Trainee: 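Got a structure here, written out as structure tokens. Questions coming.
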Number of protein chains: 2
Amino acid sequence: MRKPEIREKILEFIRHSFDERGYAPTVRDIVKGCNLSSTSVAQHHLNTLEKEGRIHRDPQVVRSIQLMKKDIVEVPLLGAIAAGKPIPVPSSDTWTTPPEETLKLTADMIGNKSNIYALKIKGTSMLDALIDDGDIVVMEAVSTAEDGQMVAVWLKDEQEATLKKIYREPGRIRLQPANKQMKPIYVKPQNIEVQGKVVAVLRRLSR
Amino acid sequence: MRKPEIREKILEFIRHSFDERGYAPTVRDIVKGCNLSSTSVAQHHLNTLEKEGRIHRDPQVVRSIQLMKKDIVEVPLLGAIAAGKPIPVPSSDTWTTPPEETLKLTADMIGNKSNIYALKIKGTSMLDALIDDGDIVVMEAVSTAEDGQMVAVWLKDEQEATLKKIYREPGRIRLQPANKQMKPIYVKPQNIEVQGKVVAVLRRLSR
DNA sequence: TGTTCTATAGAACACTCGTTAAATATAAAT
DNA sequence: ATTTATATTTAACGAGTGTTCTATAGAACA
């Protein structure tokens, strides 16, 4: 008899415990809070939850339950971006090598996306996207995008990277600047390469 | 004999414990980690730290130490901003009334400032500040600002709010748009009213 | 000088904790 | 029907926990 509902209830109770009290519940707290009949029941479900990777516990340690979902995510902060050069895309070892610069973001800013990284913009080549020198652009590393989304594209002929809203039109692609006062440019489909979606833009002032 | 150093060491150890293990240490963990000679010593310093408001503990509860410094701050998210109207400044009850919309930010984004609030921009009247429709501006509610800082000012004569860098010049004040391609405007000192400093700008896309 | 406040020291108490074991119950699979 | 995997029940052990008590020591202060 699979019983996922009771484990969801336990997870919910653990979350509630962190919210209300600031720390994890004990096994016996869970017994009371979820109307279980015995510590063994709780123990059993906690072991299952740990096997499923939903929680982590340190053996023998009181109140050591940790939920695996995070409120703060650290994303790699890649180097400068310059006019006439492709936007840096993280390589496979960029995701693993830790001693790089990172940026802390609240999880609700990026939803539950993965492959997120950030770029620090140098120079004013992105002014038409309302992005200033020093701004930080949060990107999702994807190679496809839906119409209307703000994407980073590499223009092969022009050897230039740019941030625009993308619209597919018959025989051509329209790239629309975020600043609506500026006119769109049109390119041939084979001339562009989508390097990522823009998830957010961040400007820090008054430091 | 005041001994603040040892308490700083204890606080540092607690922080370290949260970072490394994800939960608070026990009294005896602290004894070992800070080379104390007895649980009573740790107990005494923990009681003092709690009196000072630096930590909080629930009596009799294992691993219930909580640091009072927060990693995530919730700031009130005030309503729209429109051309020709002053930028909303939170009133005293805005700070206390909780059931409003809030925005979660990482603490390192705003430093250790207080009186922080956020504005959701409606319309494109702030384009010269590289701020688009839908952007969120994080503000610090102050009435004075240093030269070069990005501030929200209310132009009395024009009955208009705007975001500019402020520079005091002899007999006049220069308001410089963030977009350097645009020209500054000059106003009389008695014509402007500083409503706050811009701490950060935030643009969320691809939702 | 004596008093007061803070810090340190060692020991002990009462209690809660995570864990385990053995037996049983229930559901799914073959 | 038999086997297998999952779920529940009851009970208990031993280790670790926050707390308290008493005693000592030094510094600040009047």
Side-chain angles (χ1 to χ4, degrees), chain A residues 1-70, chain B residues 1-70:
Chain A
M1 189 228 293
R2 277 276 173 332
K3 282 246 181 151
E5 322 92 45
I6 182 63
R7 273 178 225 131
E8 295 306 320
K9 192 175 172 185
I10 289 175
L11 281 177
E12 187 52 45
F13 179 77
I14 295 172
R15 269 183 226 111
H16 175 265
S17 185
F18 273 111
D19 283 351
E20 291 293 302
R21 324 191 57 184
Y23 42 82
T26 65
V27 173
R28 283 167 178 85
D29 286 343
I30 296 173
V31 167
K32 283 172 199 156
C34 299
N35 289 314
L36 305 180
S37 47
S38 158
T39 57
S40 304
V41 179
Q43 193 79 283
H44 171 249
H45 290 302
L46 289 173
N47 287 335
T48 309
L49 284 169
E50 178 142 36
K51 268 178 202 144
E52 292 172 351
R54 320 263 315 253
I55 64 169
H56 175 73
R57 292 206 296 165
D58 287 354
Q60 316 277 2
V61 176
V62 185
R63 297 184 189 281
S64 67
I65 301 176
Q66 298 172 68
L67 295 167
M68 290 292 96
K69 194 188 155 246
K70 286 177 278 178
Chain B
M1 188 226 291
R2 279 274 175 327
K3 281 246 181 152
E5 322 93 45
I6 183 64
R7 273 181 225 129
E8 296 305 321
K9 191 175 172 184
I10 289 175
L11 281 178
E12 186 51 44
F13 179 77
I14 295 171
R15 270 184 226 110
H16 174 265
S17 186
F18 273 110
D19 283 351
E20 291 292 304
R21 322 192 60 185
Y23 42 82
T26 65
V27 174
R28 283 168 178 84
D29 286 343
I30 296 173
V31 168
K32 284 172 199 155
C34 300
N35 289 314
L36 305 181
S37 48
S38 162
T39 57
S40 307
V41 180
Q43 193 79 284
H44 170 250
H45 290 303
L46 289 172
N47 287 336
T48 309
L49 284 168
E50 178 141 38
K51 270 179 201 144
E52 292 172 350
R54 319 264 315 254
I55 64 169
H56 176 71
R57 292 206 295 165
D58 287 353
Q60 318 274 5
V61 176
V62 185
R63 298 184 188 278
S64 68
I65 301 176
Q66 298 173 67
L67 295 167
M68 290 292 98
K69 191 187 158 251
K70 285 177 278 179

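Since the model is a prediction, treat every value here as computed from it, not as a measurement. The chains referred to below are lettered A, B, ... by the order of the sequence lines, with proteins before strands, and numbering in each begins at 1.
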Trainee: Quick one: does A:Ser64's side chain have a donor or acceptor within less than 3.5 Å of a partner on A:Pro59's backbone?
Mentor: no

Trainee: Return the value, rounded to whole Å, for the distance between atom CG of A:Asp58 and atom P of C:dT19.
Mentor: 10 Å

Trainee: For A:Ile65 and C:dC17, give me the distance from atom CD1 to atom P, rounded to whole Å.
Mentor: 12 Å

Trainee: Does any non-hydrogen side-chain atom of A:Thr26 lie less than 4.5 Å from one of B:Val62?
Mentor: no

Trainee: From CD of B:Gln43 over to P of C:dT6, roughly how many Å is that when rounded to an integer?
Mentor: 17 Å

Trainee: Name the residue from B:Glu52, B:Lys51, B:Glu50 that meets the side chain to side chain contact (heavy atoms under 4.5 Å, CB included) definition with B:Arg54.
Mentor: B:Glu52

Trainee: Could you tell me the separation between the CG atom of A:Asn47 and the P atom of D:dA5, rounded to a whole number of Å?
Mentor: 17 Å

Trainee: Is B:Glu12 salt-bridged to B:Arg15, going by a charged N under 4.0 Å from an acidic O?
Mentor: yes

Trainee: Using whole Å, report how far NZ of A:Lys51 lies from C1' of D:dA7.
Mentor: 13 Å

Trainee: Name the pairing partner of D:dA30, where a pair is Watson-Crick or G-U wobble with both distances under 3.5 Å, or state none.
Mentor: C:dT1

Trainee: Does any part of the side chain of A:Leu49, heavy atoms only, come nearer than 4.5 Å to the side chain of A:Arg57, both counted from C-beta?
Mentor: no

Trainee: Between protein and nucleotides 11-17 of chain D, map the contacts as a letter string: B base, S sugar-phosphate only, - none, heavy atoms under 4.0 Å, written 5' to 3'.
Mentor: BB----B

Trainee: Got a sec, which residues hit side chain to side chain donor-acceptor pair (under 3.5 Å) with B:Arg28, two or more places apart in sequence or on another chain?
Mentor: none

Trainee: Rounded to whole angstroms, how far apart are CG on B:Leu36 and P on D:dG18?
Mentor: 14 Å

Trainee: Determine: side-chain N/O of A:His45 to OP1/OP2 of D:dT6, distance under 4.0 Å, yes or no.
Mentor: no

Trainee: Let me know the distance between CG of A:Leu46 and P of C:dG18, rounded to the nearest Å.
Mentor: 9 Å

Trainee: Roughly how many Å is it from CD1 in A:Ile6 to C1' in D:dT6, rounded to a whole number?
Mentor: 14 Å

